[in-house]
Amino acid sequence: MAKSQETGPIDQEEPEEDSSPKHVKQEKYAEGIVELEDGDSITVDFDAYGNRTFTNFFTTLEYLI
C-alpha cells in the first residue's frame, strides 16, 4: 500500500516592489519624486518646495515614465 503524501500550502514569493523612484508631476509644484505612498495619501519630494503630502482623493498627480 502506498503512503499518501500530505501537502501544505504552496510557498509563493511576494513580488518585489520596484525599487526605482517614481517621478510625478503636480500642477502647482512641478516634478517631484514619490517618497511614501499609503492607502489614502502620498508624500512627494519637490526640489523647490521640499516634501508635500497629498490626499489621494483631492489631488491630481501625473506619473512620469
Side-chain angles (χ1 to χ4, degrees):
M1 188 152 65
K3 280 184 157 181
S4 65
Q5 292 182 342
E6 291 185 33
T7 59
I10 299 173
D11 290 333
Q12 292 181 348
E13 291 184 26
E14 291 185 23
E16 291 182 25
E17 289 187 25
D18 187 8
S19 61
S20 61
K22 295 179 184 177
H23 295 266
V24 295
K25 184 175 182 181
Q26 201 273 341
E27 185 178 324
K28 179 178 179 180
Y29 300 109
E31 293 183 19
I33 298 173
V34 175
E35 294 291 319
L36 178 67
E37 284 183 275
D38 71 21
D40 296 329
S41 65
I42 183 168
T43 301
V44 181
D45 182 27
F46 297 99
D47 285 337
Y49 298 96
N51 285 352
R52 296 289 186 254
T53 301
F54 303 97
T55 302
N56 288 338
F57 301 111
F58 298 109
T59 191
T60 304
L61 295 173
E62 176 185 351
Y63 284 83
L64 306 174
I65 296 175

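Start at 1 with the first residue, then count along the sequence. Side-chain atoms are counted along with the backbone in the values below, which use heavy atoms only and exclude waters and symmetry mates.
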Distance from [X] atom [atom1] to [Y] atom [atom2], nearest 0.5 Å?
| X | Y | atom1 | atom2 | answer |
| --- | --- | --- | --- | --- |
| Asp40 | Phe54 | CG | CZ | 15.5 Å |
| Lys25 | Leu61 | NZ | CG | 12.0 Å |
| Phe46 | Arg52 | CZ | CZ | 8.5 Å |
| Thr43 | Asn51 | OG1 | CG | 6.5 Å |
| His23 | Asp45 | NE2 | CG | 11.0 Å |
| Glu37 | Asn56 | CD | CG | 7.5 Å |

Path from Leu36 to Val24 over hydrophobic side-chain contacts below 4.5 Å | no
Same apolar cluster (I L V M F W Y, side chains within < 4.5 Å links), Tyr49/Ile42 | yes
Inspect the surroundings of OH in Tyr63 and state if more than 12 heavy atoms from other residues, nucleotides or ligands are less than 6.0 Å away.
-> yes
Assess whether atom CG of Asp47 is packed by more than 12 heavy atoms of other residues, nucleotides or ligands within 6.0 Å.
-> no
Glu31: what forms a salt bridge (charged side-chain N to carboxylate O under 4.0 Å, His left out) with it, not counting sequence neighbours?
-> none
Taking every non-hydrogen atom, the tightest pair across Gln26 and Thr60 | CG-O, 4.1 Å
